[in-house]
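One structure is given below, encoded as structure tokens.
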Amino acid sequence: VRFVDKATHKVLSEYGNLELQMLAVLAQEGRIWKSSVLDSIFSQQPLEQDKVSEFLTQEGPALLEMRIRHLVKGKQIDQATKLAKVCAEHPEIGRKSIFKQIYLTCLCTASSSDVLMEEISAVDCKDALEMICNLESDGEESLALILCTAFLTRQLQQGDVYCAWELTLFWSKLQQRVESSTQTFLECCQQFSMLSKTVYHIFFLIKVIQSEV
């Protein structure tokens with residue numbers, strides 16, 4: 001393999017940043033996206049799990065996250081979704097919650113509501129709140145609203161009050177920022193109330209209406 005210049009390679013090696021070292025090598029070789037494993041992931045061909053696991057482990061979380069964010073920035077949402085999903089489901093790489101967050105965010109962007117509701121079914125609400133907060137902090141309020149709405153809808157449909165107040169409060173704040181129409185806000189609250197299966201959820205909705213309207 002033809003490496004980058006020796007000085008750069010030496011610095012990267014000394015500081016132990018293997019992901020940046022690999023990225024530098026791949027960039028020099030023009031092989032950043034040339035991978036049979038990536039091709040299989042993007043084309044949804046049958047995946048050899050051993051090869052996929054080897055590829056993901058070799059790249060590491062930092063480089064994989066950089067890849068996915070690059071795809072998202074380039075509006076290649078379909079490819080970003082597929083790669084993020086594979087990363088999120090990997091037993092080691094998936095321990096980093098950012099991959100699940102990016103995967104769900106990609107589903108929000110692609111308006112895949114049915115798939116989104118299916119995928120969030122097993123996500124803990126505390127993890128969901130962290131994802132929503134991260135999106136809000138990154139200035140992605142519209143995506144944060146979509147994700148928050150999906151999780152709140154799930155809680156209402158299941159009659160689950162776990163983190164329901166926090167989700168309701170987050171949703172109300174985001175809804176008012178993204179679309180400040182009082183009429184729209186009240187209509188959404190009415191739709192949520194029709195999904196509610198406990199008086200607690202109704203009470204939470206009344207509280208945010210009193211606070212926001």
Side-chain angles (χ1 to χ4, degrees), residues 64-65 67-89 94 96-197 200-202 204-209 211-213:
L64 288 166
E65 183 180 344
R67 282 188 182 278
I68 298 169
R69 291 192 181 282
H70 177 79
L71 291 169
V72 171
K73 187 176 181 180
K75 306 299 182 184
Q76 295 173 285
I77 302 301
D78 182 60
Q79 292 182 333
T81 302
K82 291 171 182 174
L83 183 53
K85 185 176 189 294
V86 170
C87 291
E89 293 176 348
K96 191 174 182 183
S97 61
I98 188 64
F99 294 110
K100 188 70 171 183
Q101 176 185 316
I102 297 176
Y103 173 52
L104 295 178
T105 302
C106 286
L107 292 179
C108 293
T109 304
S111 301
S112 304
S113 56
D114 292 339
V115 180
L116 176 62
M117 293 304 294
E118 180 182 346
E119 291 292 340
I120 68 171
S121 62
V123 179
D124 186 274
C125 268
K126 287 187 177 179
D127 294 332
L129 288 169
E130 182 179 353
M131 294 177 191
I132 294 165
C133 287
N134 289 340
L135 287 171
E136 182 188 26
S137 298
D138 291 341
E140 300 284 358
E141 290 187 340
S142 294
L143 291 175
L145 175 60
I146 295 172
L147 199 57
C148 189
T149 301
F151 277 107
L152 179 56
T153 298
R154 182 194 72 177
Q155 297 302 87
L156 293 173
Q157 291 175 334
Q158 295 179 350
D160 191 347
V161 297
Y162 174 56
C163 291
W165 167 241
E166 291 86 346
L167 283 170
T168 305
L169 185 60
F170 260 113
W171 170 81
S172 68
K173 300 297 183 184
L174 290 167
Q175 178 65 40
Q176 290 288 72
R177 289 183 204 164
V178 174
E179 188 173 354
S180 58
S181 168
T182 300
Q183 182 62 34
T184 301
F185 179 75
L186 291 174
E187 288 175 355
C188 289
C189 287
Q190 182 181 24
Q191 291 171 4
F192 280 142
S193 68
M194 294 174 68
L195 293 175
S196 301
K197 295 183 178 180
Y200 294 103
H201 289 139
I202 300 293
F204 295 155
L205 290 168
I206 291 174
K207 285 188 68 175
V208 295
I209 289 174
S211 175
E212 299 293 340
V213 178

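Taking 4.5 Å as the limit, every side-chain heavy atom of Phe151 sits out of range of all side-chain heavy atoms of Leu129. Between Thr184 and Gln175 there is a side-chain heavy-atom pair separated by less than 4.5 Å. At least one side-chain heavy atom of Glu65 sits under 4.5 Å from a side-chain heavy atom of Lys96. At a threshold of 4.5 Å between non-hydrogen side-chain atoms, the residues Ile132 and Leu167 count as touching. Residues Cys106 and Lys82 have side chains not in contact (no heavy-atom distance under 4.5 Å, counting atoms from C-beta outward). Contact check for Glu130 versus Gln101: no side-chain heavy atoms found under the 4.5 Å cut-off. Counting only heavy atoms from C-beta outward, the side chains of Val86 and Phe99 never approach each other to under 4.5 Å. At a threshold of 4.5 Å between non-hydrogen side-chain atoms, the residues Leu169 and Trp165 count as touching.
Relative orientation of the Trp171 and Phe185 rings is parallel, given thresholds of 30° and 60° on the angle between their planes. Under the 30°/60° scheme for interplanar angles, the aromatic rings of His201 and Phe204 are found to stand perpendicular.
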Exercise. Starting from the C-alpha separation in whole Å, work towards a yes-or-no answer on side-chain contact (heavy atoms from CB on, under 4.5 Å) for Val123 and Lys100.
Key: CA-CA 9 Å; Val123 179; Lys100 188 70 171 183; 3.7 Å; yes
Self-check item: Worked verdict on Lys73 versus Ile68 for side-chain contact (heavy atoms from CB on, under 4.5 Å)
Solution: CA-CA 9 Å; Lys73 187 176 181 180; Ile68 298 169; over 6 Å; no
Self-check item: Verdict with reasoning, Tyr103 to Glu119, per side-chain hydrogen bond (donor to acceptor under 3.5 Å, both in side chains)
Solution: CA-CA 9 Å; Tyr103 173 52; Glu119 291 292 340; 3.2 Å; yes
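Listed for the Ser196 side chain is a donor-acceptor partner under 3.5 Å among the backbone atoms of Phe192. A donor-acceptor pair is defined here as one N or O able to donate and one able to accept, closer than 3.5 Å; such a pair exists between the side chain of Lys197 and the backbone of Gln157.
Separation of atoms SG (Cys163) and CG (Asp127) is listed at 9.5 Å; rounding is to 0.5 Å. Expressed to the nearest 0.5 Å, how far OG of Ser142 lies from CG of Leu135 amounts to 10.5 Å. Atom CD1 of residue Ile102 and atom OG1 of residue Thr81 lie 10.5 Å apart, to the nearest 0.5 angstrom. Rounded to the nearest 0.5 angstrom, Cys133 SG and Glu166 CD are separated by 10.5 Å. For the atom pair CG (Leu156) and OG (Ser193), the distance works out to 9.0 Å, reported to the nearest 0.5 Å. To the nearest 0.5 angstrom, Cys189 atom SG is 5.5 Å from Leu205 atom CG.
Glu187 pairs with exactly one of Gln191, Gln190, Gln183 by the side chain to side chain donor-acceptor pair (under 3.5 Å) rule, that one being Gln183. Exactly one residue among Leu152, Leu145, Leu147 makes a side-chain contact (heavy atoms from CB on, under 4.5 Å) with Thr149. That residue is Leu145.
Between Cys108 and Leu143, the shortest heavy-atom distance links the atoms CB-CD2, 3.9 Å. Nearest heavy atoms, Ser181 versus Gln176: O-OE1, 4.2 Å. Taking both residues in full, the closest heavy atoms of Ala150 and Met117 are given as O-CE, 3.6 Å, listed atom of the first, atom of the second, then distance.
Under 4.0 Å is where a charged nitrogen must lie from a carboxylate oxygen, and between Glu136 and Arg177 at least one such pair does.
Under the side-chain contact (heavy atoms from CB on, under 4.5 Å) criterion, Asp138 pairs with Glu140, not counting sequence neighbours. Scored by the side-chain contact (heavy atoms from CB on, under 4.5 Å) test, Glu89 finds Lys85 as partners (sequence neighbours excluded).
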